[in-house]
Amino acid sequence: MSVRLGILAVLSLGQAYGLQIHGELESRMNRPGKINVGQIYSTIERLQSRGLVIKAGSTPDGLPLYEVTASGQAEVDSWLSFEDVVPSDWGEMVSHVLMATSMPGRSALPVVAGYRARFEKVRAEASRIGERDLPQRRLGALGDTALAEAAIRWLDQVSAGLGSPAATSHQLVMLRPRRGRRPAESQ
């Protein structure tokens with residue numbers, strides 16, 4: 001999942017400041033690496049220049065607040081309804097699904113169903129590789145099949161856990177860290 005779409009999704013929940021957006025992305029997704037806070041701010045600048053995000057005042061202690069524009073909200077809506085989504089890898093799919101499940105008032109089922117359909121297609125295409133194909137092509141098809149089956153199994157588990165959107169979704173966390181420090185994680 002691109003950080004750009006994640007920022008827009010977080011801001012679709014309400015106004016937020018940079019470090020708050022960073023914390024929301026970290027808590028809502030299972031990313032293999034941490035997101036650099038500087039990347040959040042540089043991405044916000046690009047989103048502002050494209051008219052997808054605007055400044056919305058500041059916090060009492062002077063941190064700039066941002067909010068999504070109508071155009072930015074349209075991108076979030078498209079992304080969360082699985083329109084025009086081209087996943088690039090497993091990690092991006094997982095992040096996209098997890099973000100979709102965390103959004104209150106929205107169903108993650110279109111995202112789950114969209115990825116499931118794509119992986120069913122990958123599995124079907126891989127099954128067409130035969131003994132007459134090159135060994136590398138057959139081995140590649142085995143890898144595609146294994147990945148598709150794992151993805152479908154995981155997506156089925158996610159779908160089964162989505163009986164109630166309230167079970168996985170949550171609003172923006174309003175806990176404020178002291179300047180320069182992140183809030184302690186609740187136990």
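In this chain, residues are counted from 1 in sequence order. What you are looking at is a predicted structure, and each value in this text was computed from that prediction instead of being measured.
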Engineer: Under the side chain to side chain contact (heavy atoms under 4.5 Å, CB included) test, which residues partner S71, sequence neighbours left out?
Structural biologist: L52, T69

Engineer: Taking all atoms of both residues into account, what is the closest heavy-atom pair of V122 and A148, and its distance?
Structural biologist: CG1-CB, 4.2 Å

Engineer: Are the side chain of R138 and the backbone of D133 linked by a donor-acceptor contact shorter than 3.5 Å?
Structural biologist: yes

Engineer: Once side chain to side chain contact (heavy atoms under 4.5 Å, CB included) is applied, do any residues pair with L147, and if so which ones, sequence neighbours excluded?
Structural biologist: W90, F119

Engineer: Can you name the closest pair of heavy atoms from V68 and L11 and give their distance?
Structural biologist: CG1-O, 3.7 Å

Engineer: Could you measure the distance from the CG atom of L155 to the OH atom of Y115? Nearest 0.5 Å is fine.
Structural biologist: 9.0 Å

Engineer: I'd like to know whether D144 forms a salt bridge (Lys or Arg N to Asp or Glu O under 4.0 Å) with R137, so could you lay out the CA-CA distance, the side-chain angles of the two residues, the decisive distance to 0.1 Å, and finally the verdict.
Structural biologist: CA-CA 10 Å; D144 290 346; R137 190 166 159 100; over 6 Å; no

Engineer: How close do R28 and L98 get, heavy atom to heavy atom, and via which atoms?
Structural biologist: O-CB, 3.3 Å

Engineer: Parallel, tilted or perpendicular: which one describes the rings of H96 and W79, with boundaries at 30° and 60°?
Structural biologist: parallel

Engineer: Please find the pair of heavy atoms, one from A9 and one from V76, that lie closest to each other, and give the distance.
Structural biologist: N-CG2, 3.6 Å

Engineer: Closest approach of T145 and A126, non-hydrogen atoms and distance?
Structural biologist: OG1-CB, 3.3 Å

Engineer: Out of curiosity, E24 CD to M99 CE, how far, rounded to the nearest 0.5 Å?
Structural biologist: 8.0 Å

Engineer: Let me confirm one number: the CZ-CD1 distance from R4 to I7, rounded to the nearest 0.5 Å.
Structural biologist: 9.5 Å

Engineer: Consider side chain to side chain contact (heavy atoms under 4.5 Å, CB included). Of R118, Q157, R123, which one does I152 pass it with?
Structural biologist: R123

Engineer: Distance only, no hydrogens: is a donor on one side chain within 3.5 Å (strictly under) of an acceptor on the other, for T43 and R46?
Structural biologist: yes

Engineer: Test of understanding: clusters of I, L, V, M, F, W, Y form through side-chain heavy atoms closer than 4.5 Å, transitively. Do I54 and I40 belong to the same one?
Structural biologist: no

Engineer: State, to 0.1 Å, how close V112 and S159 come at their nearest heavy-atom pair, and which atoms those are.
Structural biologist: CG1-CB, 4.1 Å

Engineer: Sub-3.5 Å donor-acceptor pair from the side chain of S78 to the main-chain atoms of E75, do we have one?
Structural biologist: no

Engineer: Okay, side chain of S95, backbone of E92: is any donor-acceptor separation there less than 3.5 Å?
Structural biologist: no

Engineer: Among the clusters formed by ILVMFWY side chains lying less than 4.5 Å apart, do I35 and V37 turn up in the same one?
Structural biologist: yes

Engineer: Does some side-chain heavy atom of V94 sit less than 4.5 Å from a side-chain heavy atom of W154?
Structural biologist: yes

